[in-house]
Amino acid sequence: MNIRLFSIAIAIALPACNTPPPTAIQGYVEGEFVRVAAPFAGTLTHLEVQRGQAVVPGAALFQLESENEEAARREAGERARRAEAPAADVRKGLRPSEIAAVRAQLSQAEVTAANSSRELARQEDLVAKGFVSRQRADEARTARDRDRARVAELQAQLATANAGTRPDAVRAAEADAGAAQAALAQADWRVRQKSVAAAVAGTVTDTLFVPGEWVPAGAPVVTMLPPGNVKVRFFIPEARLGAIKVGQGATIRCDGCPAPVAASISYISPQAEFTPPVLYTRENRARLVFLVEARPAKADGMKLHPGQPVDVELR
């Protein structure tokens, strides 16, 4: 008889092992979803993932048509190459052959100026002897002055050629080339935005468009749930509020979970829920509850599902 009663007691006690502790608090799982979108509109050409698929950072998610952006990038590339050519040219200055040509012209002008000086001296001598008029000497002096001015002009040109391009002109040309490169980088960025990849690891929870549909700018195409974005929300009575703190451990139990899930409190609401502030009386104080959030480790995040009811036991 005693053995039979003992067996009945064990049979009654065994189901109780699966029930939550009497101190457990009811809560539910919530997810902070990542909604992946493109900043530009376009027709969806490729959808690389499906619901329930796990993705890693950098995995391709979807692609929009990008013919216009590709054409803009080619145009920006041509403009960048066109702007770089003048910048490279002004940095080089005159070519050696051009400087040699200026030197040759200077040598020729110096010879001409020397001849003009000798001709002026000859005409001055003839004027002094009375063989020619003063006008001939004046004409020779004008020719000499003109040839000397030509020599000075070519000497200045040669000095300028040897000095290279002015720094201001070089900076201006380089600024134009830099602006063209920036426009090319912007065009490249626009093209890349049409092919969207995952920024974080997670599970694809939904796809909101199918290939062939027009996707407005900024409209989410894929919804993901990273493991670290899973949290448990529950409400703590006002009487127990002073016994909990951020960072405190908790144990999460759910129907169908093979084992309890460890978590830690990450947020405690500073405001009460459900009870109007005017009813802060001792009789109604038990009705005050405060929202509390606990997060499991990333490795355990995928063991829980948004919307799932759970039991939370504070440690």
Side-chain angles (χ1 to χ4, degrees), residues 12-37 51-57 198-208 218 220 222-315:
I12 295 174
L14 284 177
C17 295
N18 295 326
T19 60
T23 58
I25 304 170
Q26 293 184 352
Y28 61 94
V29 181
E30 188 174 87
E32 297 174 342
F33 296 93
V34 176
R35 296 169 177 84
V36 186
R51 288 186 294 180
Q53 179 178 342
V55 297
V56 297
V200 294
T203 301
V204 177
T205 58
D206 202 0
T207 56
L208 307 177
V222 174
T223 303
M224 297 174 51
L225 180 60
N229 289 20
V230 176
K231 61 184 179 182
V232 174
R233 307 185 82 192
F234 57 96
F235 294 89
I236 197 80
E238 186 268 345
R240 299 181 59 183
L241 185 63
I244 65 172
K245 61 181 179 180
V246 173
Q248 180 177 344
T251 301
I252 312 299
R253 290 183 171 86
C254 62
D255 295 337
C257 292
V261 176
S264 61
I265 295 177
S266 60
Y267 171 75
I268 301 174
S269 175
Q271 297 181 350
E273 306 279 345
F274 303 131
T275 303
V278 295
L279 299 181
Y280 281 179
T281 63
R282 184 172 299 276
E283 291 76 12
N284 293 323
R285 192 178 299 175
R287 296 173 54 189
L288 287 177
V289 290
F290 290 79
L291 172 66
V292 180
E293 295 180 354
R295 292 181 182 269
K298 289 185 178 181
D300 297 327
M302 291 295 98
K303 297 178 181 179
L304 303 174
H305 305 280
Q308 183 180 19
V310 296
D311 294 305
V312 182
E313 181 183 0
L314 300 177
R315 293 182 296 187

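Position 1 is the first residue of the sequence; numbering continues from there.
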*So which heavy atom on Ala201 is nearest to which on Pro227, and how close?*
O-CD, 3.6 Å
*Would one find more than 12 heavy atoms of other residues, nucleotides or ligands at under 6.0 Å from atom CD of Gln26?*
no
*To the nearest 0.5 Å, how far apart are CD in Glu30 and CG in Asn229?*
11.0 Å
*Does the Arg51 side chain pair with the main chain of Thr207, one donor and one acceptor, at a distance under 3.5 Å?*
no
*Given Ile236 and Leu314, is the side chain to side chain contact (heavy atoms under 4.5 Å, CB included) satisfied, shown in steps?*
CA-CA 10 Å; Ile236 197 80; Leu314 300 177; 3.8 Å; yes
*asked:* Please evaluate residues Val29 and His305 with respect to the criterion side chain to side chain contact (heavy atoms under 4.5 Å, CB included), reporting the C-alpha separation (whole Å), side-chain torsions for both, the decisive distance (0.1 Å), and the verdict.
replied: CA-CA 6 Å; Val29 181; His305 305 280; 5.8 Å; no
Can you give the donor-acceptor pairs under 3.5 Å from side chains of residues 243-250 to other protein atoms, not counting sequence neighbours?
residue: Gln248; atom: OE1; partner: Lys245; partner atom: N; Å: 3.1
residue: Gln248; atom: NE2; partner: Arg315; partner atom: O; Å: 2.9

_If you compare all heavy atoms of Pro296 against all heavy atoms of Ala294, which two are closest, and at what distance to 0.1 Å?_
CD-O, 4.0 Å
*Provide the closest heavy-atom pair for Gln308 versus Cys254 in the form atom of the first, atom of the second, distance.*
NE2-SG, 3.5 Å
_Residues that Lys303 engages under salt bridge (Lys or Arg N to Asp or Glu O under 4.0 Å), provided they are two or more places apart_ = Asp300
*Those residues that, when tested against Arg35, pass salt bridge (Lys or Arg N to Asp or Glu O under 4.0 Å) (two or more places apart)*: none
*Which atoms form the tightest heavy-atom contact between Val289 and Pro237, and what is the distance?*
CG1-CA, 4.1 Å
*Nearest 0.5 Å, what's the CZ-CZ distance between Arg233 and Arg295?*
10.5 Å
*For Ala37, enumerate each residue passing the side-chain contact (heavy atoms from CB on, under 4.5 Å) test, keeping only those at least two apart in sequence or located in another chain.*
none
*asked:* Looking at every non-hydrogen atom in both residues, tell me the closest pair between Val200 and Pro57 and how far apart they are.
replied: C-CG, 3.9 Å
_Which atom of Ala198 lies closest to which atom of Val55, heavy atoms considered_ = CB-CG2, 4.2 Å
When the side chains of residues 256-272 are checked against the rest of the protein, which donor-acceptor pairs come out under 3.5 Å, sequence neighbours left out?
residue: Ser266; atom: OG; partner: Glu293; partner atom: O; Å: 3.4
residue: Ser269; atom: OG; partner: Gln271; partner atom: N; Å: 3.2
residue: Ser269; atom: OG; partner: Gln271; partner atom: O; Å: 3.1

*Quick one: side-chain contact (heavy atoms from CB on, under 4.5 Å) partners of Pro306, sequence neighbours excluded?*
Phe33, Leu225
